[in-house]
Amino acid sequence: MTYFRAIDPFPLEAGDYNKLHEFYERLAEGRLVTTKCSACGHIAWPPRGFCGECVSDRFEWAELPDEGTIHAFTVQDTGLPPGFEGPRVFAIVKLAGLRVFTILVDCDPARVKIGDRVRLKPRRVTDDPRGNQRWLPAFTSL
Ligand SMILES: [Zn+2]
């Protein structure tokens with residue numbers, strides 16, 4: 001799939017625009033991480049360049065487990081953007097006390113249930129305009 005830059009669907013995931021780009025590099029290695037405030041220890045989701053609790057901009061990366069449970073989900077059959085195949089399953093996955101909004105891939109939407117165990121399966125999306133890889137978190141049923 002080739003996108004023109006004017007409709008680049010993932011501008012914020014490009015290294016040029018995001019000091020949290022390391023998040024995506026680790027995703028490419030199959031690891032899910034987020035930011036942990038170096039001042040107060042607050043763990044944020046999604047990763048943040050400054051702390052929502054104490055406003056510090058010092059952070060370190062915290063490893064997250066690669067498995068969680070489905071807290072909620074919905075299935076989209078129509079109205080998908082060009083290039084996306086349906087149906088798509090959007091879910092909130094609970095892991096390590098966080099609620100991660102994500103998509104479920106390689107699963108049968110009719111069989112998805114709240115409480116199901118899921119495992120991280122990062123999904124490569126369109127490269128940025130410079131040709132660098134970009135990834136998004138996704139999960140699949142166990
Ligand atoms: Zn903090």
Side-chain angles (χ1 to χ4, degrees), residues 1-77 79-109 111-142:
M1 176 66 56
T2 300
Y3 291 98
F4 296 104
R5 183 166 190 167
I7 55 168
D8 181 355
F10 305 105
L12 296 179
E13 284 76 13
D16 290 349
Y17 309 115
N18 191 342
K19 73 177 186 177
L20 300 175
H21 189 254
E22 193 173 331
F23 170 79
Y24 302 101
E25 293 170 4
R26 296 193 185 198
L27 259 186
E29 300 168 354
R31 297 158 63 202
L32 187 65
V33 297
T34 194
T35 50
K36 178 180 179 182
C37 175
S38 298
C40 77
H42 178 72
I43 293 179
W45 183 266
R48 299 183 68 166
F50 65 92
C51 180
E53 299 297 313
C54 75
V55 201
S56 169
D57 64 355
R58 292 181 300 119
F59 65 86
E60 57 200 79
W61 293 102
E63 299 278 344
L64 295 175
D66 66 355
E67 291 185 14
T69 58
I70 295 175
H71 175 71
F73 73 96
T74 189
V75 180
Q76 183 179 14
D77 290 305
L80 293 159
F84 290 85
E85 292 183 13
R88 294 195 31 111
V89 183
F90 296 90
I92 296 173
V93 170
K94 288 205 305 195
L95 56 82
L98 303 171
R99 293 180 185 187
V100 176
F101 182 71
T102 186
I103 58 170
L104 299 184
V105 295
D106 302 333
C107 68
D108 179 355
R111 291 177 164 269
V112 174
K113 299 186 308 295
I114 289 173
D116 280 357
R117 298 285 300 165
V118 291
R119 177 176 292 142
L120 181 70
K121 189 172 186 182
R123 193 154 179 91
R124 187 172 176 185
V125 295
T126 311
D127 292 349
D128 75 17
R130 294 176 190 268
N132 300 308
Q133 290 185 15
R134 288 186 291 194
W135 295 76
L136 290 179
F139 287 77
T140 191
S141 298
L142 287 178

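Just so you know, ligand 1 is whichever comes first in the structure, and atom 1 is the first atom listed for that ligand. We count residues from 1, following the sequence as given. FYI, side chains are in, hydrogens and waters are out, and symmetry mates aren't considered; it's all heavy atoms of this structure.
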* Asked: By residue and atom, what protein N/O/S atoms are less than 2.8 Å from the Zn ion (ligand 1)?
  -> C37 SG, C40 SG, C51 SG, C54 SG
* To do: Please examine the side chains of F23 and P137, heavy atoms only from C-beta on, and report whether any two atoms are closer than 4.5 Å.
  => yes
* Structure fact -> Residues at least two apart in sequence or cross-chain that pass ring-ring contact (aromatic ring centres under 6.0 Å, His included) with F59, listed by chain then number, are W61
* side-chain hydrogen bond (donor to acceptor under 3.5 Å, both in side chains) against R99, all qualifying residues, sequence neighbours excluded -> H71
* **Results of side chain to side chain contact (heavy atoms under 4.5 Å, CB included) for I114 - residues two or more places apart only** => F73
* Sidechain-backbone polar pair: T34 side chain, A44 backbone, donor-acceptor under 3.5 Å -> yes
* Does T74 use its side chain to pair, donor to acceptor, with the backbone of F90 at less than 3.5 Å? -> no
